[in-house]
Amino acid sequence: MKLVNILIGWTTAQWASQALAAPSPVRRAGFGTYADDMFTTAIEWNDGYWDDEAGYLIAAASNPGRYDARHTAWYATQLLARNAPGDVARAIRIFDNVIAGQYLDPSKQWYGDYQQSPSEPEPGTAEYPDDGPYSSWDPNIRDFVGCAWLMALNDYDHLLPQKTVSKIEQSLHIAAKGDLYRVGGVDGDNLYPCYSNPWIMRTILQNWVGTRVGDANLTQSGEKFAQELYDLWSMHHTLSEFNSPTYSGVAMWALALWSHWNELAGLYNANLKNLAGPWDRTYGYDMKQYASLVGAVIWGAVGRDHAPIPQQTSGMYHGDDFAFYPLFAMVMPEMLKYLSAESKASLVKFSEPRLYTAQAFSPPFDTYPRNITTWLSENITIGAETVAQEVIGGAAKSTSAFSPAVIQWAIDEYQIGCISHWVTESSIDAVASSNGLKISYPNATSSDASVSFNFLFSGLSRRNGFNVTGLEGLPALDLRVKTNAFENYTIVYDTDQSVNDFIFYNITYTVPAGLAETPFISLELV
Ligand SMILES: *[C@@H]1O[C@H](CO)[C@@H](O)[C@H](O)[C@H]1NC(C)=O
Ligand SMILES: *[C@@H]1O[C@H](CO)[C@@H](O)[C@H](O)[C@H]1NC(C)=O
Ligand SMILES: *[C@@H]1O[C@H](CO)[C@@H](O)[C@H](O)[C@H]1NC(C)=O
Ligand SMILES: *[C@@H]1O[C@H](CO)[C@@H](O)[C@H](O)[C@H]1NC(C)=O
Ligand SMILES: *[C@@H]1O[C@H](CO)[C@@H](O)[C@H](O)[C@H]1NC(C)=O
Ligand SMILES: *[C@@H]1O[C@H](CO)[C@@H](O)[C@H](O)[C@H]1NC(C)=O
Ligand SMILES: *[C@@H]1O[C@H](CO)[C@@H](O)[C@H](O)[C@H]1NC(C)=O
């Protein structure tokens, strides 16, 4: 099915019945062999965080409090799907708890949002100031909770007392109305159609809630949002948040069907069990070490043994996202309808060396569409994009998430090495080929005294006596560096400077002040 049908051709009733359709209610799992395995593994992981005295899940990682309201809200839907003894009662407790933490003052920007944690003071007070979205409140929680709970109502409302059903409907209605306060660029808000993952969730939330409670304004807003996303997608047939190990997963979950299985298959290296770069938004440098949502998609499609997920669920980086996995299992039957046999095969076995090219556009941040080039071979992938933006760090304005130039390779049978370019410029020409990676800074001027090329190398978790001395001579990667920067670089291994939990060697080449040419560096495969 084409995205056009999904996004604009459907009536609201079709949205409601199909976008998150459950094949049959009342069942334990029943989402498919691999999805059931994922559902059970991950809900049991969540069970381990349940605090029965509080009626919340303990926060798995960084969170502004002891308990995590968003994870707990997701868990309620999962409990209804499992429906083991005690599960429904536990879910009802959660709905009561989380709804009690919803913000109800329509004059506030966080109207309809939910607390991040039940210990949080009221945002916008002297003790907990409002410094805009993502400070004392997180505007995306409306969408994350909303989409999880509309699954609960859509598929499992027959398990709940009418009183609870009405309470959830009312809460979602307020959440959807509050979501309409979000306008990209106004009051510090960043929700543009290019912020693909929450934009898709808001679209579904508006449409579904509008239909459910009979609020035509919400339904119409949903259709308008779908059109805006579709117009942007149509330009290059890519989502703006291109190739994100986490957010592509959210987008696939939210649509529960995405004609972009092909894009995922094209960029995935089944031998390295990683999505090749570049990554617009990432939470790590090796998917075998951190929980990603594309990991959930692949587990559901081809099973845990083939999926890019950590061997150990204890101690995995970005473990927070594991709490989301059971909801992925639940939409897997719908998602798998659009997975071709060919794409499926490439999730299991690396097919053939190839150069993948694409374009993606993130207005208002990009001044022109980003050009993406990715070389994939069995043991090495090299991915890059040219970008000229108004900010450093991509549309998310995050240097730790934006990786516009990346090399990944098999150090040995288990370890994946990663060299990621650390961004310090807003205009970067980075191009990948089978010969290597070339990066230049077209807008760095000779008056800039501190222009540099920074690379983070990670992945050698067992050094076994090997000394890392620079980009040249790394294990199982024969690189030669050419640059018009100073050839003497600095290299530091500093355990206080982890990025996305990964510890790395920071290798920095400094550009001489007054350099007349465009600064460049190339890492050539020998
Ligand atoms: C209707 O939705 C639009 C956004 O699509 C919003 O700006 C407007 O305030 C809404 N109107 C009401 C009455 O909620
Ligand atoms: C990106 O690629 C397109 C198509 O090949 C080309 O026309 C355009 O000039 C490229 N843009 C940049 C900034 O390299
Ligand atoms: C990839 O690495 C494996 C293990 O070292 C090796 O057997 C294989 O030949 C390599 N493939 C290529 C294309 O070099
Ligand atoms: C880069 O420099 C060019 C030429 O001076 C200019 O047109 C463009 O706006 C600059 N881009 C950014 C993102 O600063
Ligand atoms: C690594 O460095 C240490 C200390 O400088 C040295 O003793 C050792 O021989 C080096 N190992 C290799 C394999 O070069
Ligand atoms: C590299 O060499 C240049 C020129 O000799 C010198 O100015 C600079 O301080 C050196 N940088 C490092 C990191 O050693
Ligand atoms: C890497 O080192 C350079 C030079 O010391 C520094 O400016 C930069 O912030 C470091 N990057 C990270 C991610 O620590």
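Ligands are counted one by one from 1 in listed order, and the atoms in each one are counted from 1 as well.
- Scanning the protein for heavy atoms near atom 6 (C) of ligand 3, the closest one is Asn379 ND2, 4.2 Å.
- Closest to atom 2 (O) of ligand 5 among all protein heavy atoms lies Asn467 ND2, 2.3 Å.
- There is a protein heavy atom less than 4.0 angstrom from atom 14 (O) of ligand 7.
- Closer than 4.0 Å to atom 9 (O) of ligand 7 lies none of the heavy atoms of the protein.
- Within 6.0 Å of the CD atom in Gln312, the count of heavy atoms belonging to other residues, nucleotides or ligands does not exceed 12.
- Counting only heavy atoms, the protein never gets under 4.0 Å from atom 4 (C) of ligand 5.
- Checking Thr399, Asn454, Thr508 against atom 7 (O) of ligand 7, the nearest heavy atom belongs to Asn454.
- Without hydrogens or angle criteria, Ser403 side chain to Ala405 main chain gives no donor-acceptor distance under 3.5 Å.
- Using a cutoff of 4.0 Å between basic side-chain nitrogens and carboxylate oxygens, Asp179 and Arg202 are scored as salt-bridged.
- Taking CZ of Phe502 as the reference point, atom SG of Cys418 lies at 8.0 Å (rounded to 0.5 Å).
- Taking a cut-off of under 4.0 Å to the non-hydrogen atoms of Asn506, the atoms of ligand 7 that pass are 1 (C), 2 (O), 3 (C), 8 (C), 10 (C), 11 (N), 12 (C), 14 (O).
- Remark: Leu267 CG to Leu376 CG distance equals 6.5 Å, nearest 0.5 Å.
- At a threshold of 4.0 Å, the pair Arg480-Glu472 does not count as salt-bridged, since none of the basic side-chain nitrogens sits closer than that to a carboxylate oxygen.
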